[in-house]
Amino acid sequence: MPARPAMPALTLGRKWWNWGPALMPVIGVALILFKTFIIIMGLQLLRYAAIMESRRKWRFRLLGLSMAMAVGPLCEVSAYAFAPQSLLAPLDGFDVIWNILLAPYTLGESLTSSKLLGSGFVFAGAVSAPMFSPHSKPPETMDDLREKFISRSFLGWILVCISLACFACLTMPPKNGARPPARRGLLLAMAGGFLAGQRYFMSSTATVLHTSFDEGNWDMWYDPLAYFILGGMLFCAAMNAVLLNKGLAEFEAMMMIPTFVGTSIVTTSVSAAVILKETATLIAWRLLGYWFGILLVVTGLVIIARDARRQLDGCEDASGQQAERRLMGIPTEQSRVVVPVDIAVAD
């Protein structure tokens with residue numbers, strides 16, 4: 001009986017190889033969602049360490065820093081090696097969703113109807129925007145990166161960043177007393193989010209690393225531009241960590257994180273369009289759908305941040321009224337002493 005011919009190995013290998021481009025964005029999305037959860041857990045540990053009164057708080061601080069500044073960014077860099085920046089940017093909105101779901105149980109922060117409404121907008125935008133964005137990341141060479149970073153658009157973007165940084169430094173109110181002004185928290189969160197949104201450095205670094213490891217081609221590291229991109233990523237990550245850590249030590253996570261994430265998403269999406277030109281090939285209806293999804297995310301984050309600021313302003317007004325009452329000699333709720341009196345009722 002004649003032997004049955006075996007299937008050629010090249011055909012089977014070609015089928016499995018064709019799954020690569022389809023799976024790459026899926027891997028990128030999975031990594032970025034895992035990153036959002038890890039970073040939120042780290043930020044909440046930092047907030048918990050800031051409000052707790054114990055000698056062991058340095059352990060929570062160290063664990064939070066390692067999760068938010070090491071494990072999370074490592075997952076993020078890996079994600080940008082598999083998927084384009086414009087696809088992953090809206091998914092950062094899940095930072096707020098995780099925070100809204102966990103903060104009432106981990107930090108004891110209040111959950112209001114406005115926060116739930118804002119979370120609904122964020123979820124709708126974070127799910128819909130990636131559907132319209134580019135889903136593939138074409139391979140790039142150092143010449144492609146040089147064309148993007150040595151250009152008028154990049155120079156104009158850097159000038160805008162410097163102008164906004166000077167404005168934030170000049171208008172930053174000082175920390176006065178135990179309750180700093182809410183505008184200080186908003187500026188700290190927006191500055192940190194703006195630095196975190198410079199993800200074209202991270203995306204390009206991931207491109208260089210992916211080319212080096214996947215193809216075994218390390219020639220890109222002979223170009224000074226590769227070290228400029230790597231240095232830009234490390235600088236933005238370090239300054240972002242300093243600002244966010246400072247803000248979480250002074251303000252509630254419910255106010256800091258939505259403002260931080262909203263600024264980061266807008267900055268990441270705009271820089272992907274201006275510098276990396278990722279949305280240039282989208283047709284009109286997909287481009288409108290993408291930016292409408294980004295608008296939904298930002299709308300939800302604005303609702304959450306305004307609600308948190310309203311609560312903070314209410315606490316400031318209440319503490320101010322109590323201070324005035326103390327100066328005037330009027331007893332406050334905290335200074336009143338209730339003396340129990342037993343009343344005997346005769347039969």
Side-chain angles (χ1 to χ4, degrees), residues 32-33 35-37 39-41 43-44 46-47 86 88-133 164 168 171 173 179-197 240 243-244 247-248 250-271 288-318:
I32 208 70
L33 289 177
K35 160 257 173 186
T36 59
F37 182 78
I39 285 186
I40 283 300
M41 292 301 298
L43 294 180
Q44 290 195 358
L46 289 175
R47 175 60 182 170
S86 54
L88 301 179
L91 296 174
D92 280 331
F94 276 88
D95 284 343
V96 178
I97 295 176
W98 300 131
N99 186 58
I100 293 293
L101 293 176
L102 296 175
Y105 304 99
T106 56
L107 299 175
E109 299 183 0
S110 59
L111 182 62
T112 63
S113 58
S114 297
K115 292 172 183 174
L116 290 176
L117 177 63
S119 300
F121 275 98
V122 172
F123 181 79
V127 171
S128 62
M131 296 180 182
F132 300 98
S133 68
L164 291 176
T171 59
R179 285 194 175 276
R183 187 160 62 92
R184 175 181 173 85
L186 290 176
L187 285 175
L188 285 173
M190 293 177 69
F194 188 76
L195 282 170
N240 155 40
L243 292 172
L244 190 57
L248 286 172
E250 301 177 12
F251 299 92
E252 286 190 357
M254 284 289 192
M255 187 189 78
M256 286 294 299
I257 293 179
T259 309
F260 171 85
V261 173
T263 308
S264 174
I265 289 176
V266 172
T267 307
T268 304
S269 303
V270 174
S271 63
L288 289 175
Y290 176 74
W291 288 110
F292 180 73
I294 298 295
L295 181 62
L296 286 178
V297 173
V298 175
T299 301
L301 295 173
V302 168
I303 293 173
I304 297 171
R306 289 184 63 182
D307 180 74
R309 183 177 181 181
R310 193 182 305 114
Q311 291 182 350
L312 183 61
D313 290 339
C315 294
E316 291 176 354
D317 294 340

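Start at 1 with the first residue, then count along the sequence. This structure is a prediction, so every number in the text was calculated from the model and none was measured.
Atom CG of L301 and atom CD1 of I265 lie 5.5 Å apart (nearest 0.5 Å). In this structure, L33 CG and D95 CG are separated by 10.0 Å, a value rounded to the nearest 0.5 Å. Taken from CG in L288 to CG in L295, the straight-line distance is 11.5 Å, to the nearest 0.5 Å. A distance of 8.5 Å separates OG1 of T267 from CE of M190, quoted to the nearest 0.5 Å. We find the CZ-OG1 distance between F194 and T268 to be 10.0 Å, quoted to the nearest 0.5 Å.
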Counting only pairs under 3.5 Å, give me each side-chain donor-acceptor contact of residues 113-126, with atom names and distances, residues two or more places apart or in other chains.
from	atom 1	to	atom 2	distance (Å)
K115	NZ	S110	O	2.8
S119	OG	K115	O	2.7

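Every side chain to side chain contact (heavy atoms under 4.5 Å, CB included) that I32 has, sequence neighbours left out, goes to K35, E76, A79, Y80, L88, L91, D92. P173 pairs by the side chain to side chain contact (heavy atoms under 4.5 Å, CB included) definition with P181, R183, R184, L187, not counting sequence neighbours. In this structure, the side chain to side chain donor-acceptor pair (under 3.5 Å) partners of S264, at least two apart in sequence or on a different chain, are R199. Every residue meeting the side chain to side chain contact (heavy atoms under 4.5 Å, CB included) condition with F37, not counting sequence neighbours, appears here in chain and number order: M41, W98, L102. Residues satisfying the side chain to side chain contact (heavy atoms under 4.5 Å, CB included) criterion with A189, sequence neighbours excluded, are M256, T259, F260.
Contact annotation: the side chain of L101 approaches that of I97 to within less than 4.5 Å [non-hydrogen atoms, C-beta and beyond].
The minimum heavy-atom distance between G247 and L188, with the atom names listed, is CA-CD1, 3.9 Å. Taking all atoms of both residues into account, the shortest heavy-atom contact from P258 to I304 is CG-CG2, 3.3 Å. The heavy-atom pair separating I294 from S269 by the smallest distance is CD1-OG, 3.4 Å.
Annotation: ring-ring contact (aromatic ring centres under 6.0 Å, His included) contacts involving residues 289-311, sequence neighbours excluded, are absent.
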